[in-house]
Amino acid sequence: QVQLVESGGGLVQAGGSLRLSCAASGRTFSNYDMAWFRQAPGKERDFVASINWSGDTTVFADTVKGRFTISRDNVKNMVYLQMNSLKPEDTAVYYCAVARRAFVAPQPSEYRDWGQGTQVTVSS
């Protein structure tokens with residue numbers, strides 16, 4: 001099991017930027033593909049971005065493509081989500097998670113070891 005702690009959320013105006021961090025501990029972090037999801041009030045948890053174990057393959061939801069980037073540091077056991085050009089519709093709790101195996105579909109059921117989440121609020 002991997003323990004995950006997200007941080008970096010906050011309140012930002014539309015057009016602004018935030019960088020989320022996910023600190024991992026426990027089993028060998030560098031073995032796992034990772035992802036960020038988000039969940040707005042009353043809505044399902046949605047895929048945002050994923051990164052493979054080595055960091056050379058990334059996938060983004062269409063809603064964030066071109067605005068968000070995902071990266072990882074396997075020495076520091078960290079995953080990051082850089083969010084630029086934020087919009088009010090990006091408001092949600094953001095979670096990082098560990099993929100159950102390689103090449104999983106971008107669905108919450110394919111991920112495990114969820115963190116507690118960090119709130120991102122974008123004002124208009």
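Side-chain atoms are counted along with the backbone in the values below, which use heavy atoms only and exclude waters and symmetry mates.
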Student: Rest of the hydrophobic cluster containing V59 (Ile/Leu/Val/Met/Phe/Trp/Tyr, side-chain heavy atoms under 4.5 Å)?
Tutor: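 Its cluster partners, ordered by chain and number, are F37, F47, V93, Y95, V104, Y111, W114.
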Student: Do side-chain atoms of E6 reach the backbone of C96 as a donor and acceptor pair under 3.5 angstrom?
Tutor: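 Yes; at least one donor-acceptor contact below 3.5 Å.
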Student: Name all pairs fulfilling the salt bridge (Lys or Arg N to Asp or Glu O under 4.0 Å) condition that reach into residues 43-61, sequence neighbours left out, sorted by first residue then second.
Tutor: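 Applying salt bridge (Lys or Arg N to Asp or Glu O under 4.0 Å) to every pair that reaches into residues 43-61, excluding sequence neighbours, yields nothing.
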Student: Work out which heavy atom in N74 is nearest to a heavy atom in W53; give both atom names and the distance.
Tutor: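 Reported closest heavy-atom pair: ND2-O, 3.0 Å.
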Student: Of all the heavy-atom pairs spanning R67 and L86, show the shortest one and how long it is.
Tutor: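 Looking at all heavy atoms of both residues, the shortest contact is NH1-CA, 3.8 Å.
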Student: For Q13, I'd like to know if atom CD has over 12 heavy atoms of other residues, nucleotides or ligands within 6.0 Å.
Tutor: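 Counting neighbours around CD of Q13, 12 or fewer heavy atoms of other residues, nucleotides or ligands fall under 6.0 Å, so no.
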Student: Report yes or no: does R112 contribute a side-chain atom to a donor-acceptor pair with the main-chain N or O of Q1 at less than 3.5 Å?
Tutor: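 It does not hold such a pair.
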Student: Shortest non-hydrogen contact from N52 to R72?
Tutor: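 For N52 versus R72, the nearest heavy atoms are O-NH1, 2.8 Å.
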Student: Between S17 and S85, which heavy-atom pair has the shortest distance, and what is it?
Tutor: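 Closest approach of S17 to S85: OG-N, 4.3 Å.
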Student: Regarding D90 and K87, does a basic nitrogen lie under 4.0 Å from an acidic carboxylate oxygen?
Tutor: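 No, no charged N to carboxylate O under 4.0 Å.
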Student: Check for a donor-acceptor pair, side chain of T118 on one end and backbone N or O of S7 on the other, with a separation under 3.5 Å.
Tutor: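 Not at all, since once roles are kept as given, no pair shorter than 3.5 Å links the two residues.
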Student: Which heavy atom of A92 sits nearest to which heavy atom of A40, and what is that distance?
Tutor: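 Closest pair (atom of A92, atom of A40, distance): CB-N, 3.8 Å.
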Student: Considering all heavy atoms of both residues, which atom of L81 and which atom of A49 are nearest to each other, and what is their separation?
Tutor: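 Closest approach of L81 to A49, heavy atoms only: CD1-CB, 4.2 Å.
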Student: Ignoring hydrogens and angles, tell me if any N or O in the side chain of R19 forms a donor-acceptor pair with the backbone of Q82 under 3.5 Å.
Tutor: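 Not confirmed, R19 side chain does not pair with Q82 backbone.
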Student: Test M83 against Y94 for side-chain contact (heavy atoms from CB on, under 4.5 Å), laying out the working first.
Tutor: CA-CA 11 Å; M83 307 186 296; Y94 284 70; 3.8 Å; yes
Student: With distance as the sole test, does T121 use its side chain to make a donor-acceptor pair with the main-chain N or O of T91 at under 3.5 Å?
Tutor: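 Absent.
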Student: Would you say that W36 contacts I70 through its side chain, given a criterion of any heavy-atom pair below 4.5 Å between the two side chains?
Tutor: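 A side-chain contact under 4.5 Å exists here.
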Student: Taking the side chain as every heavy atom from C-beta outward, state whether M34 and L4 have any atom pair closer than 4.5 Å.
Tutor: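 A side-chain contact under 4.5 Å exists here.
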Student: Working note: Y80 + L20, criterion side-chain contact (heavy atoms from CB on, under 4.5 Å); need CA distance, chi angles, decisive distance, verdict.
Tutor: CA-CA 6 Å; Y80 304 100; L20 305 185; over 6 Å; no
Student: Report the C-alpha separation of L18 and V120 in whole Å, then their side-chain angles, then the decisive distance to 0.1 Å, and conclude whether the side-chain contact (heavy atoms from CB on, under 4.5 Å) test is met.
Tutor: CA-CA 9 Å; L18 281 175; V120 172; 3.9 Å; yes
